[in-house]
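Below is one structure, written out as structure tokens, with a few remarks after it.
Computed from heavy atoms alone, side chains included, the values below leave out hydrogens, waters and symmetry copies. Below, read A as the first sequence line, B as the second, and so on, with proteins coming before strands; counting in each chain starts at 1.
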Amino acid sequence: MNHPHNIIFELYKKLLFEYGPQGWWPLLNDSGEMIYRKNQLQRKLSANQQLEICLGAILTQNTNWKNATAALRNLAENKKLSMSASKKLSQAQLAELIRPAGYYNQKASYIKNFLELIGENGFRSFEELSVIKLRKKLLSVKGIGNETADCILLYAFNKISFVVDAYTTRILTKMDQISGKTNYIQVQNIFTESLERDITIYKEYHGLLVAHGKKYYQKKPYGIGDPL
DNA sequence: CGCCAGGGCCTCA
DNA sequence: TGAGGCCATGGC
């Protein structure tokens with residue numbers, strides 16, 4: 001296998017050494033705390049957990065994860081984190097529950113669109129689709145763009161698709177690997193072409209980039225004090 | 001007070 | 001295709 005950007009795999013190893021396994025995607029426990037599953041990433045998710053990941057991916061769009069968590073907690077406390085219960089909510093009821101996540105009217109609409117795609121048969125009917133086909137279906141939903149689709153693919157459907165977020169772009173820009181006009185797919189390709197096709201690496205790498213990004217790439221100018 | 005958070009859509013070139 | 005405006009709460 002070719003590794004045109006060895007620096008990408010080198011960065012992964014450095015981040016893993018620095019921060020350790022991240023256990024993404026986090027899930028709510030019964031006490032309403034977000035749990036990162038560092039030692040049981042391989043365990044199969046329940047349908048409700050798959051749904052929680054999908055809704056979390058939409059709720060956290062351009063939004064602090066704490067705010068998205070508060071919205072998910074509202075849904076959980078009201079027993080709405082299941083396909084059947086969530087589909088019974090009106091868009092206005094949904095918007096009220098997810099209010100702390102911000103953009104709540106837009107996101108309520110986006111979530112309704114997503115639930116409509118999944119339909120009555122739930123996630124099972126999608127699991128045999130190729131990652132290409134499922135990605136296209138997700139992108140056809142109004143409210144699901146590249147990053148949200150890849151989060152859902154990777155973490156909810158366990159399909160290999162690298163997630164690129166704002167931190168990823170900032171970190172690679174600082175490393176002179178991309179420029180301001182490198183688009184999403186181009187950044188994603190840099191990772192895909194540089195890494196072995198290992199879903200555990202994909203899951204961990206995105207979590208590690210976020211951990212690193214939160215520490216050094218929040219304030220401008222980005223990357224001040226980054227030791228890597 | 002201002003800035004921004006684990007984006008995406010629409011409009012207009 | 002891509003730049004700019006818009007969506008909104010909560011933390012700091």
Taking any heavy-atom pair under 4.0 Å as a contact, classify A:Ala166: base, sugar-phosphate, or nothing. sugar-phosphate

Hits for side chain to side chain contact (heavy atoms under 4.5 Å, CB included) against A:Lys80, two or more places apart or cross-chain, chain-then-number order -> A:Leu75, A:Asn78, A:Ala85, A:Leu89, A:Leu97

Taking atom types as modelled and ignoring hydrogens, do the side chains of A:Thr192 and A:Asn189 form a donor-acceptor contact shorter than 3.5 angstrom? no

Near-strand residues of residues 217-228 of chain A, defined as heavy-atom separation under 4.0 angstrom from DNA chain C: none

Let me have a per-nucleotide readout for nucleotides 2-12 of chain C, 5' to 3', with B, S or -, counting only protein heavy atoms under 4.0 Å. -----BBBS--

Could you check A:Arg124, A:Glu127, A:Lys44 and say which one makes a side-chain hydrogen bond (donor to acceptor under 3.5 Å, both in side chains) with A:Gln50? A:Glu127

Residue pair A:Leu28 / A:Glu33, side-chain heavy-atom distance below 4.5 Å: no

When we call it a touch if two heavy atoms are under 4.0 Å apart, what does A:Tyr36 touch: a base, just sugar-phosphate, or nothing? base

Does a side chain donor of either A:Lys107 or A:Thr63 reach within less than 3.5 Å of an acceptor in the other side chain? yes

In chain order, what residues pass the salt bridge (Lys or Arg N to Asp or Glu O under 4.0 Å) check against A:Glu96, with sequence neighbours excluded? A:Arg99

Taking the P atom in each of C:dG4 and B:dG6, what is the distance between them to the nearest angstrom? 24 Å

Outermost nucleotides of DNA chain B that come under 4.0 Å of a non-hydrogen atom of chain A: B:dC4 to B:dC10

Can you list every pair that meets ring pair (Phe, Tyr, Trp, His ring centres under 6.0 Å) and has a residue in residues 60-82 of chain A, with sequence neighbours left out? A:Trp25-A:Trp65

Pairs touching residues 145-155 of chain A that satisfy side-chain hydrogen bond (donor to acceptor under 3.5 Å, both in side chains), sequence neighbours left out: A:Gln61-A:Thr148, A:Arg135-A:Asn146, A:Arg135-A:Asp150, A:Asp150-A:Ser161, A:Asp150-A:Tyr184, A:Asp150-A:Gln188

Take A:Leu51 and A:Leu115 through the test side-chain contact (heavy atoms from CB on, under 4.5 Å) and record every step on the way to the result. CA-CA 9 Å; A:Leu51 176 64; A:Leu115 295 175; 3.9 Å; yes

Would you mind telling me which residue lines up with the more 5' stretch of DNA chain B, A:Lys142 or A:Arg170, judged by nearest nucleotide? A:Arg170

Looking at residues at least two apart in the chain, or sitting in another chain, which of them share a salt bridge (Lys or Arg N to Asp or Glu O under 4.0 Å) with A:Lys13? A:Glu10

Output every pair passing ring pair (Phe, Tyr, Trp, His ring centres under 6.0 Å) with a member in residues 67-92 of chain A, not counting sequence neighbours, ordered by first then second residue. none

Can you pull the ring pair (Phe, Tyr, Trp, His ring centres under 6.0 Å) pairs that have at least one residue in residues 200-228 of chain A, sequence neighbours excluded? A:Tyr12-A:Tyr205, A:Tyr19-A:His212, A:Trp24-A:His206, A:Phe162-A:Tyr202, A:Phe162-A:Tyr205, A:Phe191-A:Tyr205, A:His212-A:Tyr216, A:His212-A:Tyr217

According to ring pair (Phe, Tyr, Trp, His ring centres under 6.0 Å), does anything in residues 84-135 of chain A pair up with another residue at least two apart or in another chain? List the pairs. A:Phe123-A:Phe157

Which nucleotides of DNA chain C pair, in dot-bracket form (Watson-Crick or G-U under 3.5 Å, | meaning another strand): |||||||.||||

I'd like the P distance from C:dG10 over to B:dG8, given in whole Å. 22 Å

For A:Val164, report the nucleic acid contact type (base, sugar-phosphate, nothing); a contact means any heavy atom under 4.0 Å. nothing

Identify whether any heavy atom of A:Ile144 sits under 4.0 Å from a base atom; if not, whether one sits that close to sugar-phosphate; answer base, sugar-phosphate or nothing. sugar-phosphate

